[in-house]
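Heads up, the thing below is written out as structure tokens.
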Amino acid sequence: MSAPVHIAIVMDGNGRWARARGLARTEGHKAAETSIHEAVSWCGENGVGFLTLFAFSTENWSRPAAEVTLIMSLLRSFISRNLPELQRKNVRIRATGRIEALPAKALADLRGAVEATQGNTGLQLILALNYGGRAELADAARRIAAEAVSGSLDPASVDEAAVAARLYLPDVPDPDLVIRTSGEKRISNFLLWQSAYSEFHFPEVLWPDFRKEHLDEALKVFSSRRRRFGGLG
Ligand code: IPE
Ligand code: IPE
Ligand code: MG
């Protein structure tokens, strides 16, 4: 089978990684940066076109305020520490989710990184922040309804392509492979529309321990799958 064009990862297990070491949960989030670095490098080396990382869900606001604040400040330090190297590697940073609701400083840094790298033609690194699959579909439905009411869209013409065109990043192909670390086997509101025909892989490794070898293994698993898309393959 051909290599995945788009890999999407639910980076899960930071809290358990920290707890296993007698550390505060936040230490797990801090340790995640190395894993992100590894994943980005591996994708660059293996010709992957798109890497989407689920970093903060629409439901993660329900965590303690201090943890949310720490995650947002880690987003900022990730950008400032990694932007020069990502530029050198021709990586284009993009965001998906209701990002306008992020804290002002995190949002400004994120927008700065997106703008600074928008001309890059290598790997597209997509950060899913305040992202929820249901929110994305609700946002698309609201846009469709508004266009229909204004008369610019005929309700009878609304088909799958019309919905797909109103998602956050309509130009990005669906993920071929969705990986969720930490052994949890659920989607947790990630890319609900886009993952309709994705292959899923659920390694036990906790996200802070995730390294290139885990992506080698994921690629092997992916290569052994037979994708049929409802046909006979
Ligand atoms: C994933 O790790 C990071 C985010 C959801 C922001 P968790 O924080 O969910 O770690 P566990 O699942 O509690 O171990
Ligand atoms: C999914 O992980 C969200 C991210 C990794 C950003 P969670 O840890 O929030 O998911 P649940 O609560 O276990 O379903
Ligand atoms: Mg979790």
Side-chain angles (χ1 to χ4, degrees), residues 4 6-21 23-44 46 48 50-63 67-79 81-82 86 91 93-97 99 102 106 110 113 123-133 136 169 172 175-192 194-195 198-219 221-222:
H6 181 178
I7 297 179
I9 307 181
V10 181
M11 308 185 288
D12 199 16
N14 298 351
R16 278 162 281 168
W17 182 92
R19 199 178 52 209
R21 285 162 181 73
L23 303 170
R25 291 180 53 82
T26 46
E27 293 304 313
H29 298 314
K30 290 181 190 163
E33 185 174 329
T34 305
S35 307
I36 296 174
H37 191 272
E38 290 260 315
V40 170
S41 299
W42 187 94
C43 287
N46 287 273
V48 171
F50 303 83
L51 173 65
T52 299
L53 299 177
F54 201 6
F56 194 83
S57 75
T58 47
E59 288 74 39
N60 286 148
W61 297 106
S62 67
R63 295 188 178 198
E67 181 171 342
V68 172
T69 302
L70 186 275
I71 291 171
M72 294 302 160
S73 77
L74 285 175
L75 168 64
R76 300 188 65 204
S77 50
F78 172 80
I79 291 171
R81 274 201 290 265
N82 291 277
L86 293 171
V91 174
I93 299 172
R94 302 180 74 180
T96 187
I99 60 163
L102 295 177
L110 179 64
L123 172 71
Q124 295 200 19
L125 172 60
I126 301 166
L127 303 176
L129 290 157
N130 193 23
Y131 176 86
E136 182 175 33
L169 300 175
V172 173
D176 302 290
L177 174 62
V178 175
I179 298 170
R180 181 175 186 148
T181 57
S182 86
E184 301 291 0
K185 293 169 187 69
R186 55 177 170 264
I187 191 82
S188 298
N189 204 10
F190 190 43
L191 301 178
L192 296 181
Q194 297 90 336
S195 65
S198 301
E199 295 297 326
F200 287 84
H201 177 50
F202 299 105
E204 294 292 324
V205 60
L206 303 174
W207 179 251
D209 288 328
F210 192 84
R211 294 293 178 268
K212 288 180 181 176
E213 71 208 58
H214 299 103
L215 277 164
D216 290 335
E217 171 65 20
L219 181 63
V221 168
F222 177 80

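The model shown is predicted, which means the values in this text are computed figures rather than measured ones.
In this structure, Arg94 CZ and Ile126 CD1 are separated by 6.0 Å, a value rounded to the nearest 0.5 Å. Taking CZ of Arg25 as the start and CZ of Arg63 as the end, the distance is 5.0 Å to the nearest 0.5 Å. With rounding to the nearest 0.5 Å, the separation of CG in Leu75 from NE2 in His29 is 13.0 Å. Put simply, CG on Leu23 and CG on Asn14 are 12.5 Å apart, with the number rounded to the nearest 0.5 Å. Here CG of Leu125 is found 8.0 Å from CD1 of Ile36. Values are rounded to the nearest 0.5 Å. In this structure, the separation between OG on Ser35 and CE on Met11 is 9.0 Å, given to the nearest 0.5 Å.
In plain terms, the two heavy atoms of Thr96 and Leu169 that are nearest each other are CB-CD1, 3.8 Å. In plain terms, the two heavy atoms of Ala113 and Ile93 that are nearest each other are CB-CD1, 3.9 Å. Among all heavy-atom pairs drawn from Phe54 and Val10, the shortest one is CB-CA, 4.0 Å. Considering every non-hydrogen atom in both Leu219 and Pro4, the closest pair reads CD1-CD, 3.4 Å. Closest approach of Thr181 and Asp12 over heavy atoms only: OG1-O, 2.7 Å. Here the closest non-hydrogen pair linking Ala31 and Pro208 is CB-CB, 3.9 Å.
For the side-chain contact (heavy atoms from CB on, under 4.5 Å) criterion with Ser182, the lone passing option out of Leu206, Val205, Asp209 is Leu206.
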- Take Glu136 and Tyr131, measure what side chain to side chain contact (heavy atoms under 4.5 Å, CB included) needs, and give me the verdict at the end. CA-CA 8 Å; Glu136 182 175 33; Tyr131 176 86; 2.5 Å; yes
- Task: Show your reasoning for whether side chain to side chain contact (heavy atoms under 4.5 Å, CB included) applies to Ile179 and Leu215.
- Result: CA-CA 9 Å; Ile179 298 170; Leu215 277 164; 3.8 Å; yes
- Task: Show the numbers, then the answer: is there a side chain to side chain contact (heavy atoms under 4.5 Å, CB included) between Asn82 and Glu33?
- Result: CA-CA 10 Å; Asn82 291 277; Glu33 185 174 329; 3.0 Å; yes
- Task: Assess whether side chain to side chain contact (heavy atoms under 4.5 Å, CB included) is satisfied between Arg180 and Ile187, documenting all intermediate values.
- Result: CA-CA 8 Å; Arg180 181 175 186 148; Ile187 191 82; over 6 Å; no
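Not counting sequence neighbours, Arg19 has no partner by the side chain to side chain donor-acceptor pair (under 3.5 Å) test.
A side-chain donor-acceptor contact under 3.5 Å links Asp176 to the backbone of His6. Not a single donor-acceptor pair under 3.5 Å links the side chain of Gln124 to the backbone N or O of Phe50. Using a distance-only test at 3.5 Å, with no hydrogens or angles considered, a donor-acceptor pair links the side chain of Arg21 to the main chain of Trp17.
A salt bridge links Arg186 with Glu184: the closest approach of a Lys/Arg side-chain nitrogen to an acidic carboxylate oxygen falls below 4.0 angstrom. Between Glu204 and Lys185 there is a salt bridge, since at least one side-chain N of the basic residue sits less than 4.0 Å from a carboxylate O of the acidic one.
Ring geometry, Phe56 versus Trp61: the interplanar angle exceeds 60°, so the pair is classed perpendicular (tilted spans 30 to 60°).
Within the 4.5 Å cutoff, no side-chain heavy atoms of Asn189 are placed close to those of Ser57. Residues Thr52 and Pro175 have side chains not in contact (no heavy-atom distance under 4.5 Å, counting atoms from C-beta outward).
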